[in-house]
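Here the structure is a predicted model, which is why all the values come from computation and not from measurement. Residue numbering restarts at 1 for every chain, and letters A, B, ... go by the order of the sequence lines.
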There are 2 protein chains.
Amino acid sequence: MLHEEVVGRIRAILLDGEIPPGARIPERELCERLEISRTPLREALKVLAAEGLVQLLPHRGSRAAKLTDKDMRDLFEVCQGLEALAGELACERITDAEIDAIAAAHADMVQHYREGDLIQYYRGNRAIHEAIVTAAGNPVLAGLYTSVTARIRRARYVTPMTPQRWALAVREHEAILNALQRRDGAGLSHILRAHLRHKREEVLQAGFAETEANDLTLRIA
Amino acid sequence: MLHEEVVGRIRAILLDGEIPPGARIPERELCERLEISRTPLREALKVLAAEGLVQLLPHRGSRAAKLTDKDMRDLFEVCQGLEALAGELACERITDAEIDAIAAAHADMVQHYREGDLIQYYRGNRAIHEAIVTAAGNPVLAGLYTSVTARIRRARYVTPMTPQRWALAVREHEAILNALQRRDGAGLSHILRAHLRHKREEVLQAGFAETEANDLTLRIA
DNA sequence: TTTTTCATTTTTGAATGCAAAATTTGCGAT
DNA sequence: ATCGCAAATTTTGCATTCAAAAATGAAAAA
C-alpha cells in the first residue's frame, strides 16, 4: 500500500466520523486493520496533523481534531474567500462544455429539491461548488479548498433546513448559474460570498455541537 | 528534538535555498546534520511534501519541489485571494494599536525606500503584509497564507526593481495604510488585489527562472 | 567506440526492537 | 471507603534492521 493511499484511508475514516472528533486514535488497531506497521501509519498521522484533521500531543498520542465554534467560523471565512476567488477565476476560464455540465448538475439538484430529497440535494450542491473550483483551473486553490471543506464537513453539523432557507439556497444557486453563464466574475464572487455567509450563519446558529460522547472522552482523559 | 522542530529546520533549509529547487534531498546527510535517524526525518519530509515544498517520488526518494511558471501563477492567484480576504477581515477586527503598529512599520519601510535599501524595504514590506493577515484574526487563514507565501518566496525570483515599479509599490502601500485607517474593507481588498497583481506581473515577466544548476541536476538524473 | 547486459552497491520503504514517558494498577495509610 | 504513592503495564518516539527496488559500474557484444 502506497503512502498516499494510507493517508487517504485514514482521512476517510476520520471524515466518515468513524473516529469521532476528540477521540483517541488507536494506533495498534489501525495498524492491524490497514495491515501496515506503525512506521507508515505514524507518517500518515503526521501528514493529517499538518492538514488539521489530527491533533498530535507529544508523548500522548494523537486524537481526531476537535473543532471549536471559532475554528468553524474561521474555516467558513476562508472557504468563502476561496470560493469567491474560484468564482472569479472560473468566469475567466470556464469552457462552454463545463458551463453546460454545471447547468445539468444544477437542474439535477433542483429536481432533488422539488422531490424534497435533502441527501441527494446536498450531493448535487457539493458537486456544483466543486465543479466551479475545478473550472478555476488552479490546482493550488483546488487543494486548499478540498482541505478546508473536508475539515468543515467532518464536523457533521446538523442544521435545521427550513423550507425558507432551502428555497433561498436554491434561488442563490440560480443566481450562481446565471452569473457563470454570463461569465460575470465580480457578480459570481459576490453571490458566492453571500451564499456561504448564509450557510455559515445556519451552522453557527445551530451550534454544530460536536457530540457529547467526545466531550466526555476528552473530559475523562 | 521535537517533530515540529525537525519540520521547521528542514523547511528553513529549503527556504534558504540551501537545497535548491529540483535538487535531490540527501537523507543520510540531513540525518547526520540534524542528529536524528531516518524515521523522524522521513516523517518530516512527508509533511513537507503535503505542504508542497517537497516532491516525493515513490522508490526514488524526495526532491525539493520545483515550481513551473504555472505553479507560480497559481500560487500568486491564491495569495492574492487570501490577502484580499485578510484585508477585509482585518478592517472589521483590527485594533487602533495594531493600526498604529502597521503605520509605524509603514513609515519605517518608506524610510528604507528613501534610502534605497531594497533588502530592508522588502523585509518591512513583508512585515506589513503579515501584520494585516494577523489582524484578520483567523488562524486558518494565517496558516494557509504562510504556506503559500513560503512556497512563492522559495522560488527566489529576481525581479528588476525599476524606480517606477518601486515608486508604484510605495504609492500602493500608502493606499493600503489609508484604507486600513479608514477601516474600508472593500477598498483595502481592492488595493491589495491590484498590488499583488502588479507583483505577479513583475515576477512572471522576469521569468523567475529556477537556477540552471537545478535544471542540470534534473536532466542528469 | 558505442551499446547492452548483468552483477554489485546504494537507497528506499517498512517491520522490529528498545528506551523513555505516560498511564494504569495495586497496596497501604488515613 | 478514600486518598496517595509506588510498581507494573502500556504507549510513544526513535534507532536499527531487513527486504525490495533502483542506481551504478564493469564487462562483453555489436
Side-chain angles (χ1 to χ4, degrees), chain A residues 1-11 13-14 18-20 22-51 53-66 213-221, chain B residues 1-11 13-14 18-66 213-221:
Chain A
M1 181 153 41
L2 215 50
H3 166 71
E4 265 311 318
E5 199 189 335
V6 176
V7 174
R9 288 194 55 184
I10 301 172
R11 199 190 341 249
I13 289 172
L14 292 170
E18 200 177 322
I19 297 177
R24 212 134 176 290
I25 293 174
E27 259 187 28
R28 191 153 297 284
E29 275 178 45
L30 270 185
C31 285
E32 286 166 20
R33 176 158 159 198
L34 303 185
E35 294 176 295
I36 56 177
S37 75
R38 284 179 59 224
T39 307
L41 176 75
R42 286 164 59 53
E43 283 172 357
L45 288 179
K46 305 239 159 158
V47 168
L48 292 167
E51 271 179 40
L53 281 172
V54 165
Q55 188 185 8
L56 295 177
L57 301 105
H59 294 286
R60 296 190 175 194
S62 43
R63 293 178 171 282
K66 194 158 180 299
N214 314 318
D215 288 322
L216 203 64
T217 308
L218 267 184
R219 204 171 304 133
I220 291 170
Chain B
M1 179 150 48
L2 215 53
H3 167 70
E4 264 311 318
E5 200 189 333
V6 176
V7 174
R9 289 195 54 185
I10 301 172
R11 194 185 352 240
I13 289 172
L14 292 169
E18 201 177 320
I19 297 176
R24 214 136 175 292
I25 292 174
E27 258 188 30
R28 191 152 297 284
E29 274 178 45
L30 270 185
C31 284
E32 287 167 20
R33 177 159 158 196
L34 302 186
E35 293 176 293
I36 55 177
S37 77
R38 283 178 60 223
T39 308
L41 177 75
R42 286 165 57 67
E43 283 173 358
L45 289 178
K46 305 239 160 155
V47 169
L48 291 167
E51 272 180 42
L53 281 171
V54 165
Q55 189 185 6
L56 295 177
L57 303 105
H59 294 287
R60 298 192 172 195
S62 44
R63 295 179 170 281
K66 195 157 180 303
N214 315 318
D215 287 322
L216 204 62
T217 308
L218 268 184
R219 206 170 301 133
I220 292 171

### Query
Hey, what do you get for OG1 (B/Thr39) to CZ (B/Arg42), rounding to the nearest 0.5 Å?
8.0 Å
### Query
In Å, rounded to the nearest 0.5 Å, how long is the span from CD of A/Glu29 to CG of A/Leu41?
11.5 Å
### Task
Side-chain contact test, heavy atoms from C-beta onward, threshold under 4.5 Å: evaluate it for B/Ile10 versus B/Ile19 and give yes or no.
no
#### Entry: First of B/Glu27 and A/Arg60 reached from the 5' end of DNA chain C, by closest nucleotide
B/Glu27
### Summary
Bounded by its outermost nucleotides with an atom under 4.0 Å from a heavy atom of chain A, the footprint on DNA chain C reads C/dA14 to C/dT23
### Message
When you compare the side chain of A/Lys46 with that of B/Lys46, does any pair of heavy atoms fall below 4.5 Å?
### Response
no
Which atom pairs, one a donor and one an acceptor, fall under 3.5 Å between side chains of residues 31-38 of chain B and the rest of the protein, sequence neighbours left out?
from, atom 1, to, atom 2, distance (Å)
B/Arg33, NH1, B/Glu18, OE2, 2.6
B/Arg33, NH2, B/Glu18, OE1, 3.4
B/Arg33, NH2, B/Glu18, OE2, 3.2
B/Arg38, NE, B/Glu27, OE1, 2.8
B/Arg38, NH2, B/Glu27, OE1, 3.4

### Query
Among residues 38-51 of chain A, which contact DNA chain D at a heavy-atom distance under 4.0 Å?
A/Arg38, A/Arg42
### Task
Measure across A/Pro20 and A/Ala64 and return the closest heavy-atom pair with its distance rounded to 0.1 Å.
O-CB, 3.4 Å
#### Entry: Separation between CD1 of A/Ile13 and CG of A/Leu48, rounded to the nearest 0.5 Å
10.0 Å
### Query
Residues two or more places apart in sequence or in another chain: which of them pass side chain to side chain contact (heavy atoms under 4.5 Å, CB included) with B/Ala49?
B/Val54, B/Leu56
### Task
Give the minimum heavy-atom separation between A/Arg63 and A/Arg24, together with the two atoms involved.
NH1-N, 3.7 Å
### Query
Between A/Pro58 and A/Leu2, who's closer to the 5' end of DNA chain C by nearest nucleotide?
A/Leu2
### Inter-end axis angle, the helix from C/dT1-D/dA30 to C/dT30-D/dA1, with every axis fitted to five base pairs (rounded, 10 degrees)
10°
### Message
Applying side-chain hydrogen bond (donor to acceptor under 3.5 Å, both in side chains), can you list everything that pairs with B/Gln55, at least two apart in sequence or on another chain?
### Response
none
### Summary
On a heavy-atom basis, the closest approach of B/Ala65 and B/Gly52 is CB-O, 3.4 Å
### Residue pair B/Val6 / B/Met1: nearest heavy atoms and the distance that separates them
CG2-CG, 3.8 Å
## Note on the structure
The first and last nucleotides of DNA chain D lying within contact of chain B, meaning any atom under 4.0 Å from one of its heavy atoms, run from D/dC14 to D/dA23
### Query
Given side chains that start at C-beta, do those of A/Val47 and A/His3 come closer than 4.5 Å, heavy atoms only?
yes
